[in-house]
Amino acid sequence: MKYSVFSLLREAFRGHAGWTPAWRKAEPKSEYDVVIVGGGGHGLATAYYLAKVHGITNVAVLEKGYIGSGNAGRNTTIIRSNYLLPGNEPFYEWSMKLWEGLEQDFNYNAMVSQRGVLNLYHSDQQRDAFARRGNAMRLHDVDAELLDRDAVRAMVPFLDYDNARFPIHGGLLQRRGGTARHDAVVWGYARGADLRGVDIIENCEVTGFDIAGGRVTGLDTTRGSIKAKKIGLAVAGNTSRVASLAGLRLPIESHVLQAFVSEGIKPAIDCVVTFGAGHFYISQSDKGGLVFGGDIDGYNSYAWRGNLPTVADVMEEGMAIWPGLGRIRMLRQWGGLMDMSMDGSPIIDRTPVAGLYLNCGWCYGGFKATPASGWCFAHLIARDEPYEVAAALRLDRYATGALIDERGAGAQPNLH
Amino acid sequence: MNAPHRLAQGGLIDRARPLSFVFDGQAYAGCAGDTLASALMANGVKLVGRSFKYHRPRGILTAGSDEPNALVELRTGPRREPNTRVTTVELYDGLVAASQNRWPSLAFDIGAVNDWLSRFLVAGFYYKTFMCPAKFWEMLYEPLIRRAAGLGRAAGAGDPDHYEKAFAHCDVLVIGGGPAGLMAALAAGRAGARVILADEDFRLGGRLLAERYEIDGKPGTEWVAEIEAELASLPDVRIMPRTTVTSVFDHGQYGAVERVNDHLPVPPEHEPRQRGWKIVAKRAVLAAGALERSIAFGNNDRPGVMLAGAVRAYANRYAAAPGRRVAVFTNNDDGWRTAADAHAAGIEVAAVIDSRAEPPAQFAALGIEVLTGAQVSHVHGGQGVRGIDVVDARGRLTKIDCDVLAVSGGWNPAVHLTCHLGGKPVWSDNLAAFTPGATPPGMHVAGAANGALTLAECLHAGVAAGAMAAVECGFPIASFMMPSAEDEASGVTALWHVEESRAKAFVDFQNDVTVEDIALANREGFSSVEHLKRYTTLGMATDQGKAANVTGLAILADVSGRAIAEVGTTTYRPPYVPVSFGAMTGHHRSRDFRPVRLAPSHQWAEEQGAVFVEAGAWLRAQYYPRDGEKDWLETVNREVTATRASVGVCDVSTLGKIEIEGADAAIFLDRVYTNTFSSLPVGKSRYGLMLREDGFVMDDGTTSRLAPERFVMTTTTAQAGRVMQHLEFCHQVLWPELDVQMVSVSEQWAQFSIAGPRSRAVLRKLVDERYDLSDKAFPHLAAKEVAVGSVTARLFRLSFSGEMAYELAVPARYGDAAIRAIMAAGEEFSMIPYGTEALGTMRIEKGHVAGNEINGQLTARDLGLGRMMSSRKDYVGRVMAQRPALLEPDRPVLVGFRPADRKARLRAGAHFIPLGATVTAANDEGHMTSVAFSPMLGHWIGLGVLKRGPQRIGERVRAYDPVRNGDVEVEICSPVFFDPEGARLYG
Amino acid sequence: MVSFAGLERSTLDGLVRPGHYGRAGATGLLIEERRDLAFASVTAKRGKRFALVNAVNTAFGVALPDGPRRATRGSVTFAGTGPDQWIASADGSEAAGFANKVRARIGPFAAVSDQSDARLVLRLSGPRVCDVLAKGVPVDLHAQAFKPGDIACTVVSYINTQIDMLDDAPTYQLAAPRSMAGSFWSWLTASAAEFGYDVIAP
Amino acid sequence: MRIPCPYCGPRGNDEFIYLGDATVRRPDPQALGASDAFYEYVYLRDNPSGLHQELWYHGGGCRSWLVVTRNTRTHEISDVTFAAGGKL
Ligand SMILES: Cc1cc2nc3c(=O)[nH]c(=O)nc-3n(C[C@H](O)[C@H](O)[C@H](O)COP(=O)(O)OP(=O)(O)OC[C@H]3O[C@@H](n4cnc5c(N)ncnc54)[C@H](O)[C@@H]3O)c2cc1C
Ligand SMILES: NC(=O)c1ccc[n+]([C@@H]2O[C@H](COP(=O)([O-])OP(=O)(O)OC[C@H]3O[C@@H](n4cnc5c(N)ncnc54)[C@H](O)[C@@H]3O)[C@@H](O)[C@H]2O)c1
Ligand SMILES: Cc1cc2nc3c(=O)[nH]c(=O)nc-3n(C[C@H](O)[C@H](O)[C@H](O)COP(=O)(O)O)c2cc1C
Ligand SMILES: [Zn+2]
């Protein structure tokens with residue numbers, strides 16, 4: 001059923017009895033043309049574009065829990081395309097473009113809200129680094145504005161301009177950046193894929209691969225074996241574990257990133273603000289909760305929960321820019337598993353195993369990539385060649401040295 | 001003022017200490033010992049808040065931190081605290097609170113139209129609409145939704161109170177001071193363990209405060225006082241009231257918040273408002289009790305519908321009558337106590353409605369009307385209960401008049417803290433509740449939190465858990481006289497939802513999630529309990545669904561035809577109750593956010609009127625303006641000119657300094673630097689370049705050989721810590737077999753760069769005349785220990801500015817004296833101090849790289865330093881630096897730039913585009929890394945990396961800088977702008 | 001010729017004056033800055049630990065502690081700060097040229113660096129000293145866990161700090177990096193204010 | 001987390017700096033195929049879910065590099081040794 005104000009009105013008058021499941025609870029078939037492992041945003045978007053753009057509909061998405069149970073369901077929802085390096089920027093901008101038409105495309109309100117992303121800078125040196133990034137964005141035809149302190153103050157007057165340890169000097173603003181309702185993105189893609197025939201199979205964990213003569217032919221799951229011509233991995237924090245089932249060892253570590261939400265309050269902050277002298281970002285959800293986060297916990301973990309020093313650090317950083325938060329209460333904290341890559345940038349590529357494709361390395365920033373990641377991964381799987389904007393996101397770049405290291409932090413995932 | 005609903009006697013309030021307070025502009029009276037909730041109740045105030053979505057009128061549901069409804073804005077101005085539960089606010093004199101999420105007033109709230117529109121505003125309606133046209137979202141729909149949503153208003157200004165954080169350590173942490181917790185603390189304390197007993201209430205006792213239980217034949221509260229006195233007498237027991245243990249972290253760490261002064265209008269001088277505790281405990285006993293839950297039936301959210309246990313708490317503890325005529329609706333034995341206690345307190349009991357066929361025998365004597373096998377299907381009344389409809393087993397409907405309905409749907413053990421490390425609660429059919437599953441390592445659970453629902457059981461369980469915890473910490477079992485108490489009836493038969501309800505039946509009160517919403521979510525496929533939560537927002541409100549979650553998932557189980565155990569729970573996450581930013585921040589706010597490092601000359605520089613700049617953790621003098629100088633540029637120009645003309649001094653103490661000793665020190669340096677240090681003679685310094693193992697430049701600096709087996713290395717200010725760590729890594733992890741020792745001496749030495757043609761003359765006046773400072777005796781790159789007065793100093797002939805220059809290091813306590821002495825010695829040469837700006841200008845004039853170039857993205861070759869990469873030895877980063885992409889001839893390489901129009905200004909961060917080329921990323925050829933105005937050349941100069949830069953000297957490109965409208969045409973040149981032959985170095 | 005005699009400065013100069021602060025009428029904490037202590041870091045050379053133990057014993061009569069503890073003889077103390085690492089300190093007549101003396105006596109077996117100017121050193125005592133320290137010191141200072149002679153290198157208020165327990169009055173000596181003295185002081189005094197504190201003239 | 005430093009005793013993980021996998025060994029730079037070996041050393045990780053040997057630097061304490069054996073699923077620490085070898 002198409003969602004619209006009319007369908008909503010119609011159902012309202014008949015007790016909402018006519019709504020049907022947003023996606024079928026599909027049972028696994030014995031064989032698919034393409035199996036996508038991982039029912040997060042990326043996996044579901046891949047299936048959606050495989051069906052919609054490439055007409056490949058004999059597709060299954062296998063999810064070990066409920067769809068969106070991974071990072072897609074627990075991120076701070078920031079979307080932006082304010083990257084520095086040519087390997088990244090066109091890709092994220094393509095994502096931004098897809099966000100801009102997404103809801104009409106998949107007929108689901110994902111609350112894509114282009115409320116602006118403001119990165120604060122706190123020194124002249126940082127200003128110049130942000131200028132470099134802003135200029136790089138403009139070279140890619142992406143909007144970027146460098147604000148001075150007064151302009152920042154006009155936008156977000158309640159920050160600490162007078163008594164801060166790291167005074168605010170200005171900010172880099174991308175007005176087209178913003179947020180989206182993370183769960184709705186998952187559900188919208190799921191519904192869109194399902195409508196086009198894709199089987200979404202939940203509670204189905206992949207436990208092994210069938211590989212013959214260097215080519216993948218199927219996989220084992222907790223719900224039986226499934227044959228597949230092509231298999232795409234989009235399992236984020238579980239990438240190393242799943243890839244190891246196919247004998248791959250990757251430039252990836254899994255780290256916990258925490259996020260937090262405050263009690264709901266009346267609108268207090270209209271855009272996304274990030275702190276440049278630390279690692280902190282904050283925005284307000286449409287429900288009123290302040291959604292915020294900071295750095296990863298910084299050590300390998302599969303525990304889906306965070307540790308205390310990071311909590312303190314994040315909340316101190318929040319107070320450092322916004323002293324009025326003192327009496328606001330943090331309501332809930334949680335953690336996700338980041339697939340931290342060795343240069344902080346993602347990988348969308350083939351693997352040494354024929355027919356097995358890899359989508360990983362999203363670090364703490366893959367939510368914004370969801371549409372483009374799905375688009376490009378679908379293209380790669382369907383055509384066996386990279387989509388242009390993702391051409392640099394290769395697996396062999398660590399060996400060749402063609403790294404995409406936005407932070408210049410080197411081969412240490414927890415520094416990215 | 002008199003409080004009309006205050007019971008004539010009883011309660012734990014202090015009637016001799018009246019307090020006045022204001023709610024929504026109206027003044028009321030309460031007593032010490034009241035909460036804001038009990039005081040409102042004593043005053044007959046029923047309507048306290050509005051719900052989140054439908055703006056339904058709401059009253060007080062609970063008597064604790066599980067309250068979903070009665071949220072207010074407490075205090076005013078910069079101390080305003082939105083969403084404060086009236087049930088946890090200790091009343092103080094002069095308290096001011098206001099209702100929230102309503103307009104224009106609490107009684108008449110326009111937002112309540114949502115309730116009329118609720119037919120449309122079902123769970124998830126917003127996902128299905130507001131999509132067209134796309135741009136209306138930000139313009140129209142979203143602002144409307146946002147304004148309607150949200151609860152209270154944040155304070156606009158910074159929080160004026162201060163906060164602290166603190167650490168505590170113990171053998172046994174007891175969480176909760178009810179009967180189980182008190183016993184646990186006592187058992188562990190008597191055994192000799194170090195015990196912390198934390199309770200979020202301002203008074204110990206837990207449910208005993210709310211009940212009329214007796215222990216050892218004494219009233220419960222009296223017994224509590226005795227136990228508390230004994231605990232207080234034990235030397236290693238610490239009692240922490242007003243302290244909520246909010247979170248469990250790995251390895252026995254507990255987060256807790258102490259509300260030190262929230263019971264006062266403002267904290268006393270020097271005292272914090274709240275304190276965030278990190279408690280490290282070898283063992284913990286969770287004795288957090290159980291939380292009562294409601295039952296879903298029509299209009300079960302009306303003000304006056306309360307949890308049965310809360311009604312007892314108000315009557316017994318606070319002597320506040322929730323109403324005149326109370327009806328009780330229960331599915332368990334405990335609910336009956338409310339009838340008995342209300343009756344005893346002189347409140348009329350209209351009826352007890354028990355959904356079970358067989359009521360407990362012991363209450364038969366009360367002489368109250370009893371309806372068994374019956375259920376409440378509807379509540380009459382808008383802003384307060386006026387009556388209820390009861391359906392009995394045969395479907396007959398009875399209307400009962402009452403102004404309070406006490407509901408008990410059973411008790412949920414407070415398992416929350418057992419789940420913070422991933423434990424999953426397990427369903428008990430017997431208790432009709434979830435009980436703790438695997439607990440965090442070291443945690444025992446006792447009392448109602450563990451599903452023990454009788455007092456005697458709780459007391460026993462407390463002793464057992466406390467003793468066990470102490471034993472596990474190595475203490476003996478202490479002998480114990482077990483207190484005696486009744487084993488009260490606690491039978492329950494689950495009832496979640498009254499089918500016959502006509503009106504909306506609420507499950508999550510604050511977020512307005514109804515039984516219908518759950519059914520709809522299930523119909524739409526959101527049948528995983530997590531999807532249910534996210535689709536309907538069940539359990540996501542400020543109470544985190546303490547009362548709602550179990551009911552919600554039970555209803556989901558019902559509508560989806562599954563067992564409750566199969567449906568499972570959502571994840572209980574920290575914190576147990578919401579925690580303020582203040583408490584988690586403590587002292588670390590404003591300028592104390594992070595420590596600041598000050599150079600030894602800081603105070604002197606302040607006296608000179610220096611402007612300071614952040615450099616990592618340091619504050620460094622950026623420039624020293626003089627009267628009459630119109631801007632920083634004029635100042636910096638003067639500093640550079642004066643230095644190059646005569647002499648200037650700059651504090652460089654912030655550089656990292658590491659002493660490296662040992663027989664293998666030279667070998668070690670050869671392995672960490674790209675170039676060779678084993679060949680460095682004693683008494684000499686050398687510039688060194690360090691790579692990361694991935695082949696990119698990590699840091700640079702100079703290292704001097706003080707003795708055959710003794711070196712001192714300098715690092716950049718920014719990387720000092722990282723380099724130290726790296727060197728320790730190289731030694732301890734890679735090459736532990738080397739005889740090398742290293743220690744940071746960064747703090748020990750104050751170091752000054754004295755630069756300019758007259759630098760030697762200045763030094764001559766400072767350094768003991770025994771030391772020959774002539775160019776021959778002390779040439780460029782010489783290093784030596786010298787005497788300055790009675791002080792042993794280190795003198796290095798190093799130059800970052802291109803001038804003849806020295807770095808003089810003195811023990812830091814003499815840093816202040818040294819800068820004054822240097823300036824005095826330089827006076828006759830018109831010496832000036834210069835800051836980081838001039839330092840930067842001079843290094844750019846000389847083409848030296850610094851932080852802007854050593855940004856982790858560039859290789860030694862990119863920086864034009866390829867020749868420093870020795871080919872005769874191994875060093876960290878050598879192999880990976882040979883990767884093909886790093887050898888690409890097209891990589892941007894360091895060169896210099898000057899504006900084609902010499903009057904134009906350059907800006908770092910501009911990108912280089914070939915002249916006339918279209919402005920696209922494909923034509924991006926590099927970027928400007930550093931710029932300065934060169935007073936020597938009279939125009940701006942810049943360093944930058946450009947594709948094949950060194951081959952293109954003389955060519956022009958465009959420095960593209962749209963974010964600052966700073967587009968300029970620049971000419972590519974050598975990065976060495978000034979004194980390219982380096983003649984000035986030699987003086 | 002320049003002379004720096006008498007011109008030594010502490011980073012607390014100008015920031016701090018002796019007197020009573022915080023809550024009036026109560027002194028929970030006494031703070032005394034120590035400027036007379038000389039420090040030297042001592043790191044055993046590879047394979048020389050045993051010889052070093054002997055040398056230190058011979059030269060100073062001190063048995064080098066093999067853990068985070070201090071050993072004192074006369075005015076000289078060696079405190080264990082890490083495996084094969086110590087901080088030696090001295091006051092009184094030993095303090096002058098201390099690092100050189102140490103190097104002269106044990107140089108063949110250890111790397112020695114002067115650290116006399118590297119730290120802010122405070123002695124803390126008073127009835128509420130432990131309550132003050134609890135606001136920033138993450139290690140357990142309970143009498144059973146931390147005894148006179150014990151030391152801990154840890155992080156206090158984001159500042160690397162060495163804590164020595166001197167006696168069971170109790171008196172603690174805290175040493176923090178010199179450059180962070182102001183921030184350290186800010187944390188300490190904010191933490192002590194509720195109990196009242198006296199700053200004693202150095 | 002609390003890491004039991006063999007020198008200092010148990011301390012909060014905020015006193016330590018994490019580096020990562022402790023099982024990878026710097027290859028012989030002179031050996032044949034050194035560049036492949038270095039690529040693996042610098043970039044490839046097992047990233048196990050379960051027992052993990054990893055390097056932590058006690059920068060806030062004794063400045064030792066430690067090899068910590070920790071379960072990445074439960075965070076349980078089963079062993080800590082000095083990276084440089086040796087015992088106390
Ligand atoms: C706290 C937090 C904040 C974040 N903030 C932002 C932000 O503000 N902006 C931003 O752009 N990004 C952010 N991110 C990152 C972003 O969420 C992720 O990069 C992105 O969601 C990853 O892609 P995904 O959605 O496909 O991953 P996931 O949702 O994690 O999907 C992977 C799925 O694979 C499934 N799976 C794993 N193993 C198997 C198996 N063996 N068999 C079957 N299924 C399996 C998992 O259950 C999971 O559902 C944040 C992440 C976190 C945790
Ligand atoms: N018969 C029944 O159905 C029934 C049901 C429930 C409770 N009860 C009675 O209630 C009592 C339960 O005793 P108990 O000791 O187990 O619990 P309790 O409810 O008496 O005490 C729990 C205490 O823990 C505190 N607390 C909860 N969470 C906390 C946290 N995170 N941090 C700090 N403090 C926290 C509360 O403030 C409370 O004081 C018994 O008397 C029992 O008979 C009976
Ligand atoms: C953007 C965003 C907003 C959230 N808002 C709330 C909220 O208002 N209330 C709440 O209880 N949880 C909120 N959560 C957290 C979720 O309840 C949940 O903790 C998170 O999705 C991770 O799942 P888990 O805790 O089940 O592991 C929010 C999460 C996100 C990502
Ligand atoms: Zn240690």
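Each chain gets a letter, A, B and so on, in the order its sequence line appears, and its residues count up from 1.
- In this structure, CG in C:N100 is found 6.5 Å from OG1 in B:T792, a value given to the nearest 0.5 Å.
- Your options are B:K165, B:K765, B:R594, B:Q603, and the one with the most heavy-atom pairs under 4.5 Å with chain C is B:R594.
- The aromatic rings of B:Y814 and C:F4 sit parallel to each other, their planes meeting at less than 30°, with 60° as the upper class boundary.
- When each of B:E769, B:K278, B:E709, B:R275 is scored by its heavy-atom pairs under 4.5 Å with chain C, the top score falls to B:R275.
- Atom OG of residue C:S179 and atom CG of residue B:L619 lie 11.0 Å apart, to the nearest 0.5 angstrom.
- Proximity of B:V788 to C:V2: side-chain heavy atoms (C-beta onward) are separated by under 4.5 Å at one or more points.
- Atom CD of B:E828 is surrounded by more than 12 heavy atoms from other residues, nucleotides or ligands within 6.0 Å.
- Heavy atoms only, all atoms of each residue included: C:Q115 and B:V745 are closest at NE2-CG1, 3.7 Å.
- The number of heavy-atom neighbours closer than 6.0 Å to CZ of B:R764, taken from other residues, nucleotides and ligands shown, is above 12.
- For chain B, no part of C:A181 is nearby; none of its heavy atoms comes within less than 4.5 Å.
- The shortest side-chain heavy-atom distance between C:Q85 and B:Q741 does not fall under the 4.5 Å cut-off.
- Summarising the geometry of B:P595 relative to C:S157, their closest heavy-atom pair is CG-O, 4.0 Å, with the distance given to 0.1 Å.
- Once rounded to the nearest 0.5 Å, the distance linking OG1 of C:T154 with CZ of B:F167 reads 7.5 Å.
- When each of C:L141, C:V139, C:D131 is scored by its heavy-atom pairs under 4.5 Å with chain B, the top score falls to C:V139.
- Neither the backbone nor the side chain of B:V280 comes within contact range of chain C; no heavy atoms are under 4.5 Å apart.
- Both the backbone and the side chain of B:V596 have a heavy atom closer than 4.5 Å to some heavy atom of chain C.
- Taking C:S41, C:S3, C:P138 one by one and counting their heavy-atom pairs under 4.5 Å with chain B, the maximum is reached by C:P138.
- Counting heavy-atom pairs closer than 4.5 Å to chain C, the top residue among B:G789, B:S653, B:A812, B:A817 is B:A812.
- When all heavy atoms are compared, the tightest approach of B:E747 to C:A118 is CB-O, 3.3 Å.
- Of all non-hydrogen atoms in B:R813 and C:L37, the two that sit nearest each other are NH2-O, 4.3 Å.
- For the set C:A190, C:P177, C:S191, C:G97, the count of heavy-atom pairs under 4.5 angstrom toward chain B peaks at C:P177.
- Proximity to chain C (any heavy atom under 4.5 Å) is shown, for B:I660, by neither the backbone nor the side chain.
- No side-chain heavy atom of C:K135 sits less than 4.5 Å from a side-chain heavy atom of B:H587.
- Annotation: maximal heavy-atom pairing with chain C below 4.5 Å, among B:G586, B:C170, B:P736, B:G815, occurs at B:P736.
- A distance of 9.0 Å separates CD in B:Q748 from CZ in C:R178, rounded to the nearest 0.5 Å.
- Contacts with chain B were tallied for C:G182, C:S116, C:A192; C:S116 has the most, counting heavy-atom pairs under 4.5 Å.
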Report task. Check the pair B:E271, C:R23 against salt bridge (charged side-chain N to carboxylate O under 4.0 Å, His left out), reporting the backbone distance first and the verdict last. Result -> CA-CA 9 Å; B:E271 285 193 31; C:R23 164 170 296 170; 2.8 Å; yes
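- When heavy atoms are compared at a cutoff of 4.5 Å, B:A818 approaches chain C by way of both its backbone and its side chain.
- Heavy atoms of C:R119 lying under 4.5 Å from chain B are absent altogether.
- Neither the backbone nor the side chain of B:W277 comes within contact range of chain C; no heavy atom of the residue lies under 4.5 Å from a heavy atom of that chain.
- Heavy atoms of B:S744 lying under 4.5 Å from chain C belong exclusively to its backbone.
- Contact annotation for C:S10: neither backbone nor side-chain heavy atoms come within less than 4.5 Å of a heavy atom of chain B.
- The CG atom of B:L598 sits 9.5 Å away from the CG atom of C:L15 when rounded to the nearest 0.5 Å.
- Taking 4.5 Å as the limit, some side-chain heavy atom of B:R194 sits within range of a side-chain heavy atom of C:Q144.
- Ranked by heavy-atom pairs under 4.5 Å with chain C, the first of B:H602, B:H588, B:M742 is B:H588.
- With respect to the salt-bridge test (charged N to carboxylate O, under 4.0 angstrom), the residues C:R46 and B:E737 do not qualify.
- In this structure, the side chain of B:E661 engages the main chain of C:V112 through a donor-acceptor pair within 3.5 Å.
- Across all non-hydrogen atoms, the minimal contact from B:R710 to C:S113 is NH2-OG, 4.4 Å.
- In this structure, the portion of B:D236 lying under 4.5 Å from any heavy atom of chain C is its side chain and not its backbone.
- The nearest pair of heavy atoms linking C:E194 to B:H270 is CB-O, 3.2 Å.
- The distance from atom OG of C:S183 to atom CZ of B:R591, rounded to the nearest 0.5 Å, is 11.5 Å.
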